[in-house]
Each structure stands twice: as structure tokens, then as C-alpha cells.
Amino acid sequence: RLNLEPIGVACKSNNILFCVDAIQSLGVFEMDVQKIHADYIMADGHKWLMSPEGLAIFYVSEHMREQLKLHQYGWHMVEALGDYDKQGWQPAHSARRFECGSPNMLGIHALYASLMLIHEISINKIQASVLSNTDYMLDFIRSSKNLELLYIYPAVYNSGIVTFRHKNIRNSEIYKFLTENKIICAIRGGGIRFSPHFYTPREKIRQALQFIEEFNAS
């Protein structure tokens with residue numbers, strides 16, 4: 001949730017390339033690549049974009065495409081795509097120059113379906129829903145006697161990720177208990193990470209947090 005525009009402006013003013021890892025943003029928050037003056041942006045599709053692993057998005061600004069040195073070559077990255085009789089191997093002028101081999105068609109179709117769903121719902125509604133889930137989790141944890149937040153930021157920096165820990169029980173025990181109850185989470189940054197998407201029912205989030213309270217009672 002950092003304000004990337006002043007970073008991009010500073011990089012541009014000092015002739016520094018600006019590369020953004022957007023894997024925790026795309027699919028939840030708007031990102032204007034021109035506004036933030038990004039030279040490169042990439043994100044794997046398997047997180048908030050809801051596509052399978054093995055397919056990523058890679059944006060390269062037009063004026064930077066030919067400054068990246070190519071280390072591999074394949075039929076899909078040449079300018080004359082499909083012309084198998086052409087002798088020269090001229091890399092494509094578009095960003096296709098970085099797609100050396102046959103595309104991951106199964107992953108592409110799945111990502112396309114996800115993008116259409118995001119477009120249909122609208123990124124603004126998704127963002128509002130995700131942040132509403134986050135607000136609920138933060139309020140629940142703050143009111144709990146047994147749980148504590150590991151990272152506390154001003155609300156403007158809230159995202160879809162909430163990391164917390166139990167005051168008396170090890171993370172490994174909490175994680176084992178939650179996964180055994182089919183609650184998806186992760187151990188990250190010294191605590192338990194919850195990151196429900198827009199489609200996760202509020203009741204499921206409440207139950208997941210309540211399970212931890214009940215685990216303490218047992």
C-alpha cells in the first residue's frame with residue numbers, strides 16, 4: 001500500500017530503473033503503471049489474481065523493452081511469428097520478445113477467466129470487500145485477550161493481509177490446529193497470516209478466528 005508515485009518520480013529524475021513486485025496488489029488494488037512511472041511490473045497469477053501457479057504477468061514500458069538483454073530464444077518471441085521460412089531471428093518489438101517458448105495456454109485461459117471476473121465485479125468493489133474483511137479481523141484481534149497483532153499501521157496502509165499471534169501458544173501449534181480444521185493460513189513474519197479474498201464469507205472468517213479462541217480454552 002505504499003504510495004509508489006513519489007518513488008517513481010524520484011527514480012525517473014535520477015535515471016534509476018523502477019521495478020515493482022505487484023503480487024500482493026494486483027487483483028485487489030488499482031495500479032496505474034504510467035502514473036507511478038514504473039519501468040517494470042511483475043506478478044505471479046496465483047495469489048489475488050486467482051489463477052493457477054506457473055503463469056505471471058510482466059509489464060515493460062515501451063522505452064525500456066530493448067534495454068533488457070535476451071538470454072534465450074524461441075519461436076514465439078520473434079517479430080515474424082509463424083513465418084518458419086524466415087532466416088533471420090529478429091526479436092519482436094513488443095513485450096512478446098520475452099516469451100521465448102510455447103505459451104502456457106491452460107494457465108492463460110484460467111487467468112483470462114479470473115480477469116473477466118475481476119472486471120465484471122470491478123476492482124473498486126473487490127478492494128472495498130477485502131478491506132472490510134481486514135477491518136473485521138483487526139477489530140476481532142484487538143478485542144481478544146489471547147491474540148495480538150504483529151504489525152500495526154495507519155489505516156491507509158491496510159491490505160488484505162493480517163498477521164497475528166497467540167500470546168500463549170506457539171505458531172506451529174496454532175497452524176497445525178487450523179490446517180487440521182481445513183482453515184487455510186500461513187506462518188509468516190513470526191505469526192499466523194490470514195488473507196481472505198473478497199469472496200470469503202464473513203461468517204467463515206469469524207469461525208476461523210473463533211477456533212483459535214476455542215483452541216486456547218481446550
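Small disclaimer: the values here were computed from a predicted structure and weren't measured. Computation of the quantities below employed the complete heavy-atom set of this structure, encompassing side-chain atoms and omitting hydrogens, waters and symmetry-equivalent molecules.
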Legend entry - Set of residues satisfying side-chain contact (heavy atoms from CB on, under 4.5 Å) with respect to Ser122, sequence neighbours excluded: Asn124, Lys125
Inset, instruction - Inspect the surroundings of CD in Glu203 and state if more than 12 heavy atoms from other residues, nucleotides or ligands are less than 6.0 Å away. - result: yes
Legend entry - Which atom of Pro52 lies closest to which atom of Asp44, heavy atoms considered: O-OD1, 4.5 Å
Inset, instruction - Using the rule that two of Ile, Leu, Val, Met, Phe, Trp, Tyr join whenever any of their side-chain heavy atoms come within less than 4.5 Å, decide whether Met42 and Met50 are in one cluster. - result: no
Inset, instruction - Return each pair, listed once, that meets side-chain hydrogen bond (donor to acceptor under 3.5 Å, both in side chains) where at least one residue sits in residues 156-165; pairs must be two or more places apart or across chains. - result: Glu148-Arg165
Inset, instruction - Any chance you could measure Glu120, atom CD, to Ile126, atom CD1, to the nearest 0.5 Å? - result: 10.0 Å
Inset, instruction - Please check if the side chain of Asn181 supplies one atom and the backbone of Phe177 the other of a donor-acceptor pair under 3.5 Å. - result: yes
Legend entry - Close side-chain approach of Ile7 to His37, heavy-atom, < 4.5 Å: no
Legend entry - Between Phe194 and Phe164, ring centroids under 6.0 Å: yes
Legend entry - Val9 backbone acceptor or donor facing Ser13 side chain under 3.5 Å: yes
Inset, instruction - Would you list the pairs meeting ring pair (Phe, Tyr, Trp, His ring centres under 6.0 Å) in which at least one residue belongs to residues 59-100, sequence neighbours left out? - result: Phe58-Phe98
Legend entry - Partner residues of Arg96 under the salt bridge (charged side-chain N to carboxylate O under 4.0 Å, His left out) criterion, sequence neighbours left out: none
Legend entry - Crowding at CG, Leu17 (>12 non-hydrogen neighbours, <6.0 Å): yes
Inset, instruction - Could you list all the ring pair (Phe, Tyr, Trp, His ring centres under 6.0 Å) pairs where at least one residue sits in residues 107-139, not counting sequence neighbours? - result: none
Legend entry - Residue from Met137, Arg142, His166 passing side chain to side chain contact (heavy atoms under 4.5 Å, CB included) with Leu147: His166
Legend entry - same_hphob_cluster(Phe140, Leu131) at 4.5 Å side-chain heavy-atom cutoff: no
Legend entry - Qualifying residues under side-chain hydrogen bond (donor to acceptor under 3.5 Å, both in side chains), relative to Glu79, sequence neighbours excluded: none
Inset, instruction - Let me see the working for Glu180 and Lys176 under side-chain contact (heavy atoms from CB on, under 4.5 Å), right down to the final yes or no. - result: CA-CA 6 Å; Glu180 287 176 349; Lys176 183 175 183 293; 2.5 Å; yes
Legend entry - Greater than 12 external heavy atoms within 6.0 Å of Leu106's CG: no
